Amino acid sequence: MSLLAELSYWQQTSLRVVGGLAGVLLVAGTLVYLHLFKMVSFMQSRLGPMEAGPFGSLQLLAEVGKHLQKEDIFPRKADKFVFAAAPFVILASTFLLVVVVPAGPDAWFINNDVGIYLGMAVSSVSVIGILMAGWGSANKYSLLGGLRATGQLIAYELPLILAVVGVVIQAGTMNMQGIVIAQAEGEIFGWGGIGNPYILTQGVAFMIFMIAMQAELTQAPFDMPIAESELVSGYMTEYSGMRFLLFFIGEFATAGVFASVASVLFLGGWWAPIPGLEWDDNTWNLLGPIVLITKIVILTFIVFWVRFTFPRFREDQLQRLAWKFLIPIALANIVVTAIFKVWI
Amino acid sequence: MSDFLRSYLTVGIFGLVGVALVAAFLGIGAILRPSNPTEQKLETYESGVDPTGDMWSQSNIRYYIFALLFVMFDVEAVFIFPWATRLEAYALFGLIEMAIFVYILLLGLVYAWRKGMLRWV
């Protein structure tokens with residue numbers, strides 16, 4: 001806190017905004033390059049982009065440059081205001097969510113006691129953006145895609161929230177920083193060698209969270225809203241040029257942010273059990289972001305691995321999985337966790 | 001201003017940063033991109049043929065009942081979170097109270113399930 005404590009609120013906030021921009025955009029760019037350009041290419045026995053920069057690492061910048069020069073087409077029949085506003089809402093919701101994620105003992109955006117509660121609340125703002133895009137386009141495919149997305153996102157919102165309750169019971173706090181500390185100082189039935197990353201004691205909740213996260217990000221096998229073989233490109237059909245790319249950036253940025261929330265809740269966030277390392281706030285302020293990004297890359301690797309491996313669900317199978325399977329299991333997980341918490 | 005309210009100010013600022021970022025991207029694009037709207041280009045896309053009928057066509061929203069169920073469970077989540085943070089203090093009393101609360105809400109899901117509301121009709 002030594003450095004930050006001397007700064008006024010506005011100076012601190014400016015630093016945090018810079019950190020947030022870097023956190024969202026750099027992580028999103030890394031994920032696009034690592035997972036979308038390279039991982040899927042290797043899975044399909046090809047090299048992926050190789051021309052722009054070393055091993056194609058500047059491909060994304062080239063794409064941005066290309067899309068900046070593309071014409072911005074507003075369909076004649078579209079609801080102009082809603083159509084134009086949708087990308088704003090989607091990217092704003094990503095930035096509202098990143099605000100709850102801590103990256104070190106002092107490297108946080110907000111240190112608020114409602115932390116994860118706030119995060120779960122603002123994470124659903126993107127539904128409004130997607131519905132706006134679907135409705136504003138005045139296109140039959142877009143409308144269907146937007147409605148499908150809404151049905152899917154509200155169905156998987158619940159397992160996501162209920163899975164988090166198990167973690168909150170164990171940590172005894174909703175503060176994201178508190179959840180990290182609780183995992184660092186935790187013990188598994190009296191053994192504290194590696195702390196207690198909640199993936200070990202909340203494994204069921206972790207599985208539910210990952211499945212629901214996959215659905216919230218509308219990645220395959222939950223990609224009915226943009227199902228390209230049925231709905232062209234779903235709610236993004238009428239978007240072109242930069243606006244289309246913004247949806248794309250938003251998708252990957254949100255994947256990164258959701259993965260960072262998952263790593264804070266289940267993998268110990270910025271903390272990692274490093275043997276022989278004395279606890280020192282400044283050390284963790286430096287190591288924290290690196291540890292967190294490593295965990296983000298691992299979790300998003302799973303998300304995109306699943307995405308490129310499994311075929312799409314049918315719409316009714318999707319709703320059935322959420323309502324008849326995930327929600328009852330999540331409720332059972334809460335009850336079991338609560339019983340353990342009270343008796344042990 | 002208290003730290004608590006200030007943290008919400010930070011949340012608001014981050015929301016504005018998201019909006020500003022989109023505005024910046026589109027603003028830079030506005031300088032670089034051409035604008036040549038032709039009659040054909042502004043037509044709604046419908047797999048290459050001329051679009052027919054009303055664009056906001058009616059479709060059967062089969063999951064409106066899910067939206068009602070969602071409201072029910074979302075309210076449950078709102079109440080369950082504060083309870084979860086203080087479970088150690090409430091101990092057995094809190095456990096039984098919440099068991100009753102969850103049971104009542106679960107009845108709603110079971111009712112909808114038995115009535116076939118969760119089936120694709």
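In the text below, chain A, chain B and the rest are named by the order of the sequence lines, each starting its count at 1. No experiment lies behind these values; they were computed from the predicted model shown. The analysis underlying the following values was restricted to heavy atoms, covering all of them including side chains, and did not include hydrogens, waters or symmetry mates.
- At a heavy-atom cut-off of under 4.5 Å, chain B is reached by A/T237, A/E238, A/M242, A/R243 from residues 237-245 of chain A, listed in order of number.
- Most heavy-atom pairs under 4.5 Å with chain B: of the set A/I116, A/L91, A/V114, A/V168, this distinction falls to A/V168.
- Most heavy-atom pairs under 4.5 Å with chain A: of the set B/L92, B/T85, B/V17, B/L106, this distinction falls to B/T85.
- With respect to chain A, the highest number of heavy-atom pairs below 4.5 Å among B/V102, B/I31, B/L69 belongs to B/L69.
- For the options A/N112, A/L162, A/L97, A/V64, heavy-atom pairs under 4.5 Å to chain B are most numerous at A/N112.
- Contacts of B/A89 with chain A are absent, with no heavy-atom separation under 4.5 Å from either backbone or side chain.
- Between A/W135 and A/L147, the closest side-chain pair of non-hydrogen atoms is not below 4.5 Å.
- Heavy-atom contacts from other residues, nucleotides or ligands closer than 6.0 Å to CZ of B/F101 number more than 12.
- Using modelled atom types, one finds no donor on one side chain facing an acceptor on the other under 3.5 Å when comparing A/Q170 with A/T337.
- Of all the listed residues (B/L109, B/V11, B/L32), the one sharing the greatest number of non-hydrogen pairs under 4.5 Å with chain A is B/V11.
- If you measure heavy-atom distances from B/L16 to chain A, you find no contacts under 4.5 Å at all.
- To the nearest 0.5 angstrom, A/W108 atom CH2 is 14.5 Å from A/M176 atom CE.
- Comparing B/L26, B/I13, B/D74 by how many heavy-atom pairs each has under 4.5 Å with chain A, the most go to B/L26.
- A distance of 9.0 Å separates CD1 in A/I73 from CZ in A/F83, rounded to the nearest 0.5 Å.
- Only the side chain of B/L95 comes within contact range of chain A, with at least one heavy atom under 4.5 Å from a heavy atom of that chain.
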